[in-house]
Amino acid sequence: MDNIKRVIQVCICFWIFTSCAQQKKPNIIFIMADDLGWQDVGFMGSNWFETPNLDALAKESLVFTDAYMYPTCSPSRTALMTGKQSFRTGVYNVPVLEKGDNQHNIFSRWTVGLEHIMYAQPLKEAGYKSIHLGKWHVVGPNPKEETNYPFEKPLNQPANGNLDWLHEHQSAEIQQYYPIGKGFDENVGGTWWGDPARGYVEGYQSESGGYEAPFKNPFIEDKKDDEWLTDRLTNDAIDFIKRNKNEPFFVNLHYYAPHRPTVPRSEEQYQKFLNKTPDAVTGQGEKRLEEIAGYATMIASIDENVKRIFDYLDEQGLRENTIVVFTSDNGFNGLQSNTNVLRGEKGTIYEGGIRVPAFVNWKGNVTAGVLETPICGMDYFPTFLDLAQVKNHIGVLDGTSIVPLLKNKPFKDRALFWHLASTYKNPPCSIIRKGDWKLIQFLNDGKVELYNLKEDLKETENLADINKTKTAELLSELTTWRKQNNVPLPPVSILEF
């Protein structure tokens, strides 16, 4: 009898061991559009833009209605890939957009320092093959000039079409700041550029805008069948998956689209949107019709290309072991789009600038639904570590893994924080979002704004003087956060912390 029990125990242990051994780490695909607004997609309420494929995917995904980034791409991408708050990296804004002097601002770094680990590095150690495609923008055109910090003036950039920087950027020294140096196995199109038109002397005025071939991006090798940049990046993403489908893979697909310049994808699509009835709720299609119609064709192209990726995953039987995140880096550019539902746009600290569309799709593993739980860009790094079963990561991560939300498990309530120490469209400020409430404190004069987002999503009524109890509560928490983290303030700030 004892022998039989022993045999059963051995069999159970063997079954457990083999089951664990067969449990594969999920493939991860992170798709991020550039300047795609919260309501620039159907699944977030637009009746004017056409995103049928994204809408269909959203219905079988977990959609996050309160997903956040920073107001501009540089801090968003830095926070995303390092998992850290802006004050830790010194990246607060896109440097060339900053205004004012060095007393009222702490001007932003462009290049993320080598001391900051990006998420591809621990994933590589966990056995993932990875590729970055598209916009990088977390290295500056002149990394060696970013030594005397804080800066006296905002950093600048070379003129459109200027490639004098290229030779140095191809060197081993500067490649440390590029995708390959930060843990990715391959890089397609990632450099310091904030938009694809920089390869053309005419910039935004060029007919191609960098979206129509030739792309003139020195980190994208020309191919005979090149036509449209979004298509090409998707082609290379699918090719990478094809070459690495038998081992865990990570695809970091950061489309340049629909960032300006606005280049219509096709004349037929363009004419369709020019003749489309405006959306009375969002106001989309009412203003700057030629611009928004071209922008709509660029969004439609993203929609088509995301479907191509999912179609390939289905064809290869990879859907059940591949988690896909779709989102944007900040709100819409006010010259391209519109929404009457939110206040502000890209570059502003209001919801139109920082709230973005987002969903997570993982067939058979994530239950479809809609969540109002606030999440932020810094949450993705710890989420990827969680999915990759990385338990030994060393370093500060300011985000929280959202895997419990994906598995419908308890998720601790928390506050979200932003710190922007330089001026673009708003003066330097810190922000706290907690529950239904959002408080903004401007750093130089200490003025405060308070909004109840549940009752006033458009942030039309400042309640700071009306609800003094809530104002004091959130201001205390925000101040404590800055004090505990030694968050820097502009030199003329009247604040103690």
Side-chain angles (χ1 to χ4, degrees), residues 32-37 68-82 84-102 104-113 116 134-143 145-146 149-160 162 165 177-178 189-199 203-204 209-210 254-262 328-337 344-350 352-354 356 377-378 418-429 431 490:
M32 187 161 71
D34 192 354
D35 291 1
L36 180 71
Y68 288 101
M69 290 285 188
Y70 279 85
T72 57
C73 49
S74 292
S76 287
R77 292 166 191 278
T78 298
L80 166 73
M81 288 188 280
T82 66
K84 295 178 180 180
Q85 288 279 358
S86 59
F87 70 86
R88 301 192 194 279
T89 60
V91 181
Y92 301 113
N93 262 306
V94 179
V96 293
L97 299 178
E98 291 178 313
K99 303 172 183 177
D101 57 53
N102 66 349
H104 293 81
N105 301 275
I106 303 174
F107 291 127
S108 181
R109 291 184 181 276
W110 198 323
T111 302
V112 177
H116 301 293
K135 184 167 174 175
W136 184 241
H137 209 228
V138 290
V139 60
N142 301 296
E145 294 182 7
E146 296 187 40
Y149 184 81
F151 309 126
E152 291 189 7
K153 296 179 180 180
L155 300 171
N156 55 26
Q157 62 187 3
N160 289 320
N162 183 318
W165 52 272
Y177 301 101
Y178 269 69
T191 181
W192 64 267
W193 289 0
D195 66 74
R198 299 215 62 84
Y204 282 14
H254 291 198
Y255 288 125
Y256 276 102
H259 192 291
R260 295 186 76 213
T262 300
S328 176
D329 65 342
N330 47 244
F332 65 92
N333 186 314
L335 296 174
Q336 291 179 299
S337 187
E345 60 202 23
K346 173 185 176 178
T348 73
I349 55 176
Y350 301 102
I354 61 177
V356 294
M378 291 175 291
W418 292 256
H419 184 71
L420 296 158
S422 67
T423 303
Y424 173 31
K425 291 186 177 179
N426 299 109
C429 65
I431 306 169

- Partner residues of Thr423 under the side-chain hydrogen bond (donor to acceptor under 3.5 Å, both in side chains) criterion, sequence neighbours left out: Asn105

- Item | Non-hydrogen atoms of Pro158 and Trp192 that approach each other most closely | CD-CH2, 3.5 Å

- Task: List for me each residue that meets side-chain contact (heavy atoms from CB on, under 4.5 Å) alongside Thr82, sequence neighbours excluded, and say none if there are none.
- Result: Thr78, Lys84, Thr89, Val112, His116, Met118

- Item | Main-chain N/O of Tyr70 paired to Ser76 side chain as donor or acceptor, under 3.5 Å | yes

- Atom CH2 of Trp136 and atom SG of Cys73: how far apart are they, to the nearest 0.5 Å? 14.0 Å

- Task: Identify the two heavy atoms, one from Ala421 and one from Pro490, that lie closest to each other, and give their separation to 0.1 Å.
- Result: O-CG, 3.9 Å

- Message: Whether the side chain of Ser86 engages the backbone of Tyr92 through a donor-acceptor N/O pair (distance < 3.5 Å, no angle test) should be reported.
- Response: no

- Task: State, with a plain yes or no, whether a side-chain heavy atom of Pro71 is found less than 4.5 Å away from one of Asn330.
- Result: no

- Query: What distance separates Arg88 CZ from Met378 CE, expressed to the nearest 0.5 Å?
  - Reply: 9.0 Å

- Tell me, please, which residues at least two apart from Pro196 pass side-chain contact (heavy atoms from CB on, under 4.5 Å). Tyr211, Leu229, Tyr256

- Task: Could you tell me whether a side-chain N or O of Gln157 sits under 3.5 Å from a main-chain N or O of Val96, the two making a donor and an acceptor?
- Result: no

- Would a 4.5 Å heavy-atom cut-off, applied to side chains only, mark Phe151 and Arg109 as touching? yes

- Are Tyr204 and Asn160 side-chain neighbours, meaning at least one heavy-atom pair lies under 4.5 Å? no

- Spell out, as yes or no, whether a donor-acceptor pair under 3.5 Å connects the side chain of Trp110 to the backbone of Val139. yes

- All heavy atoms of Tyr177 vs all of Pro143, minimum pair found to be CE1-CB, 4.3 Å

- side-chain contact (heavy atoms from CB on, under 4.5 Å) partners of Ile431, counting only residues at least two apart: Ile349, Trp418, Cys429, Lys438, Ile440

- Query: Would you find a donor on one side and an acceptor on the other, under 3.5 Å apart, between the side chain of Glu146 and the backbone of Thr111?
  - Reply: yes

- Contacts of Asp329 that satisfy side-chain hydrogen bond (donor to acceptor under 3.5 Å, both in side chains) - sequence neighbours left out: Arg77

- d(Phe332 CZ, Leu36 CG) to nearest 0.5 Å is 11.0 Å

- Is there a donor-acceptor pair closer than 3.5 Å between any side-chain N or O of Lys346 and the backbone N or O of Gly334? no

- Write down the atom of Pro95, the atom of Ser74, and the distance for their closest heavy-atom approach. CD-OG, 4.2 Å

- Between Asn93 and Ser422, is any side-chain donor less than 3.5 angstrom from a side-chain acceptor? yes

- Which residues share a side-chain contact (heavy atoms from CB on, under 4.5 Å) with Gln336, sequence neighbours left out: Arg260, Thr262, Glu291, Tyr295, Asn333

- Query: Which heavy atom of Asn156 sits nearest a heavy atom of Pro141, and at what distance?
  - Reply: O-CG, 3.7 Å

- Atom pair NE2 (His254) and CE (Met32), whose distance is rounded to the nearest 0.5 Å: 4.0 Å

- Task: With rounding to the nearest 0.5 Å, note down the distance linking CH2 in Trp193 to NE2 in His137.
- Result: 12.0 Å

- Query: Does some side-chain heavy atom of Phe107 sit less than 4.5 Å from a side-chain heavy atom of Leu155?
  - Reply: no

- Note on the structure: One should read off an interatomic distance between Leu420 CG and Glu98 CD, to the nearest 0.5 angstrom, of 10.0 Å

- Between Asp34 and Tyr255 the two heavy atoms that sit nearest each other are CB-O, 3.5 Å

